[in-house]
Amino acid sequence: MKKLIYLLSFSILACTSGNNYQVTEGEIDIDYLINSPNTTWFQKNYESYTLDDITLNQDFSKLNEYNIEIFMNTRCHDSEREVPRFLKILNSLNFSSQNLRIILVNSEKKTSDGLEKGKNITNTPTILFLKDSKEKNRIVEFPYENLEKDIYKIINDMGYKNVYYSE
């Protein structure tokens, strides 16, 4: 119950105001994910995910140095699975909603506002980790190990490469 209250508080503080629950592309907030008829899967997938507490007991303090952008599609099964899990992890780590953007893209991985331009979004979800306004790394479509371990490796600059990485 405590986490649900935090999640609801998190949604109130999210960066988008005047949210329309019917939108299918553009910037949204957690309130949208909880309440939109387009995301009826969110709450169940959030609650059913079991956190990797062993990994989460490590030092995640560097996470607060990052801004995170999530590019997702509400009809993508990978987004349905990974975004609730990812947000549950951020919630458990008390990540600031001020440092989080959630962007819905259409099936062509685009928005009418061009929020995806220059981001090379080829799969959803794509989770960008930005530091000093520059992308430092990303998780693409699904984690390499699990989300907790992938996040830990990214924020601690441990040579993480997403599942689609190629030089």
Side-chain angles (χ1 to χ4, degrees), residues 3-4 7-8 10-11 13-52 55-56 63 66-93 95 97-130 135-155 160-166:
K3 289 189 179 198
L4 181 58
L7 179 64
L8 291 172
F10 192 60
S11 70
L13 296 174
C15 57
T16 304
S17 62
N19 197 15
N20 177 348
Y21 297 134
Q22 299 299 323
V23 299
T24 57
E25 61 182 64
E27 190 165 349
I28 57 148
D29 58 20
I30 293 174
D31 180 63
Y32 174 96
L33 293 173
I34 295 168
N35 294 303
S36 174
N38 299 326
T39 56
T40 56
W41 43 263
F42 180 81
Q43 197 67 34
K44 176 184 171 228
N45 293 350
Y46 180 94
E47 291 172 4
S48 68
Y49 182 63
T50 303
L51 295 167
D52 175 0
T55 301
L56 289 175
L63 180 63
Y66 288 83
N67 287 314
I68 296 174
E69 294 180 352
I70 302 172
F71 289 83
M72 63 175 287
N73 183 290
T74 60
R75 294 186 179 179
C76 165
H77 67 278
D78 295 311
S79 291
E80 290 179 18
R81 182 187 60 246
E82 301 302 337
V83 171
R85 292 174 177 187
F86 187 78
L87 292 175
K88 187 169 186 175
I89 294 164
L90 292 185
N91 183 17
S92 74
L93 295 169
F95 186 74
S97 64
Q98 294 178 6
N99 295 341
L100 176 68
R101 288 181 74 197
I102 306 169
I103 298 143
L104 296 180
V105 294
N106 62 28
S107 60
E108 286 80 39
K109 315 301 185 276
K110 299 186 182 311
T111 65
S112 56
D113 294 338
L115 299 172
E116 79 293 344
K117 288 190 176 171
K119 309 274 180 156
N120 192 29
I121 306 302
T122 58
N123 301 77
T124 56
T126 295
I127 303 167
L128 304 180
F129 290 78
L130 302 117
E135 181 182 337
K136 294 299 181 182
N137 216 319
R138 63 175 57 200
I139 297 171
V140 180
E141 199 168 11
F142 52 90
Y144 188 80
E145 289 186 68
N146 71 26
L147 285 169
E148 293 88 342
K149 288 177 182 172
D150 288 14
I151 294 166
Y152 184 79
K153 287 180 177 180
I154 289 169
I155 65 171
Y160 174 82
K161 300 203 180 353
N162 69 68
V163 295
Y164 293 105
Y165 180 83
S166 64

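Just so we're clear, the structure is a prediction, and the values are computed from it rather than from any experiment.
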**Q** Let me confirm one number: the CZ-OG1 distance from Phe71 to Thr122, rounded to the nearest 0.5 Å.
**A** 12.0 Å
**Q** Between Glu148 and Thr55 (side chain of the first, backbone of the second, donor and acceptor by atom type, cut-off under 3.5 Å), is there such a pair?
**A**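 Looks like no, no N/O pair under 3.5 Å.
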**Q** I'd like to check Leu87 versus Leu100 (side-chain heavy atoms, cut-off strictly below 4.5 Å). Are they in contact?
**A**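 They are in contact (side-chain heavy atoms under 4.5 Å apart), so the answer is yes.
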**Q** Nearest 0.5 Å, what's the CD-CZ distance between Glu141 and Arg81?
**A** 7.5 Å
**Q** Quick check: do Ile139 and Ile154 have side-chain heavy atoms less than 4.5 Å from each other?
**A**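 Side-chain contact under 4.5 Å: yes.
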**Q** Please determine whether side chain to side chain contact (heavy atoms under 4.5 Å, CB included) holds for the pair Leu104 and Asn38, giving the CA-CA distance in whole Å, both sets of side-chain angles, and the decisive distance to 0.1 Å.
**A** CA-CA 11 Å; Leu104 296 180; Asn38 299 326; over 6 Å; no
**Q** Working to the nearest 0.5 angstrom, can you tell me the gap between Tyr152 OH and Asp52 CG?
**A**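 With rounding to 0.5 Å, OH (Tyr152) is 12.0 Å from CG (Asp52).
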**Q** Do Ile68 and Phe95 make a side-chain contact, defined as non-hydrogen atoms from C-beta onward lying under 4.5 Å apart?
**A** yes
**Q** Just by modelled atom types, is the Met72 backbone N or O under 3.5 Å from a matching donor or acceptor in the Thr124 side chain?
**A** no
**Q** Does the side chain of Ile151 come within less than 4.5 Å of Ile127's, by heavy atoms?
**A** no
**Q** Tell me, do Tyr66 and Asn99 make a side-chain contact under 4.5 Å, heavy atoms counted?
**A** no
**Q** In Å, rounded to the nearest 0.5 Å, how long is the span from OG1 of Thr39 to CZ of Arg75?
**A**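 So the gap between those two atoms works out to 12.0 Å.
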**Q** When the ring planes of Tyr164 and Phe142 are compared, do they come out parallel, tilted or perpendicular, using 30° and 60° as the limits?
**A** perpendicular
**Q** When you look at Ser92 and Leu56, which way does the side chain to side chain contact (heavy atoms under 4.5 Å, CB included) test go after all the steps?
**A** CA-CA 9 Å; Ser92 74; Leu56 289 175; 3.7 Å; yes
**Q** Tell me whether Lys136 forms a cation-pi arrangement with Phe129, defined as NZ or CZ under 6.0 Å from the six-membered ring centre and within 45 degrees of its axis.
**A** no
**Q** Short question: side chain of Asn123, backbone of Val140 - any donor-acceptor pair under 3.5 Å?
**A** no
**Q** Could you go through the side chain to side chain contact (heavy atoms under 4.5 Å, CB included) check for Arg101 and Glu27 one step at a time?
**A** CA-CA 7 Å; Arg101 288 181 74 197; Glu27 190 165 349; 3.1 Å; yes
**Q** So which atom in Glu116 and which in Lys109 form the shortest heavy-atom distance, rounded to 0.1 Å?
**A** CG-O, 3.3 Å
**Q** Stepwise, does the side-chain hydrogen bond (donor to acceptor under 3.5 Å, both in side chains) test hold for Tyr160 with Asp150?
**A** CA-CA 7 Å; Tyr160 174 82; Asp150 288 14; 2.9 Å; yes
**Q** With no hydrogens and no angle check, is any side-chain donor or acceptor of Asn73 less than 3.5 Å from a backbone partner on Val105?
**A**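 The answer is yes, because a donor-acceptor pair under 3.5 Å joins these two groups.
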**Q** Checking Glu25 against Thr111: is there a side-chain donor and acceptor pair closer than 3.5 Å?
**A**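 No, because no side-chain N or O of Thr111 sits under 3.5 Å from a partner of the opposite role on Glu25.
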**Q** Taking atom OH of Tyr144 as the centre, report whether more than 12 heavy atoms of other residues, nucleotides or ligands fall under 6.0 Å from it.
**A**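 Check fails, neighbour count at 12 or below.
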**Q** Are side-chain heavy atoms of Leu33 and Ile28 found at a separation under 4.5 Å?
**A** yes
**Q** State, yes or no, whether a side-chain contact exists between Glu69 and Leu130 at a heavy-atom distance under 4.5 Å.
**A**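 The answer is yes, as the side chains (C-beta and beyond) meet within the 4.5 Å cut-off.
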**Q** Any donor and acceptor pair, going by atom type alone, linking the side chain of Asp113 with main-chain N or O of Leu115 inside 3.5 Å?
**A**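 Looks like no, no N/O pair under 3.5 Å.
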**Q** About how many Å separate CH2 of Trp41 and CD of Glu80, when rounded to the nearest 0.5 Å?
**A**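 Interatomic distance, Glu80 CD to Trp41 CH2, rounded to 0.5 Å: 5.5 Å.
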**Q** Is any side-chain heavy atom of Pro84 less than 4.5 Å from a side-chain heavy atom of Gln43?
**A** no
**Q** Could you go through Tyr32 and Thr74, starting from their C-alpha distance and side-chain angles, then the distance that decides it, and tell me whether this counts as side chain to side chain contact (heavy atoms under 4.5 Å, CB included)?
**A** CA-CA 11 Å; Tyr32 174 96; Thr74 60; 4.1 Å; yes
**Q** Does a sphere of radius 6.0 Å around NZ in Lys153 hold more than 12 heavy atoms from other residues, nucleotides or ligands, not counting ones at 6.0 Å or beyond?
**A** no
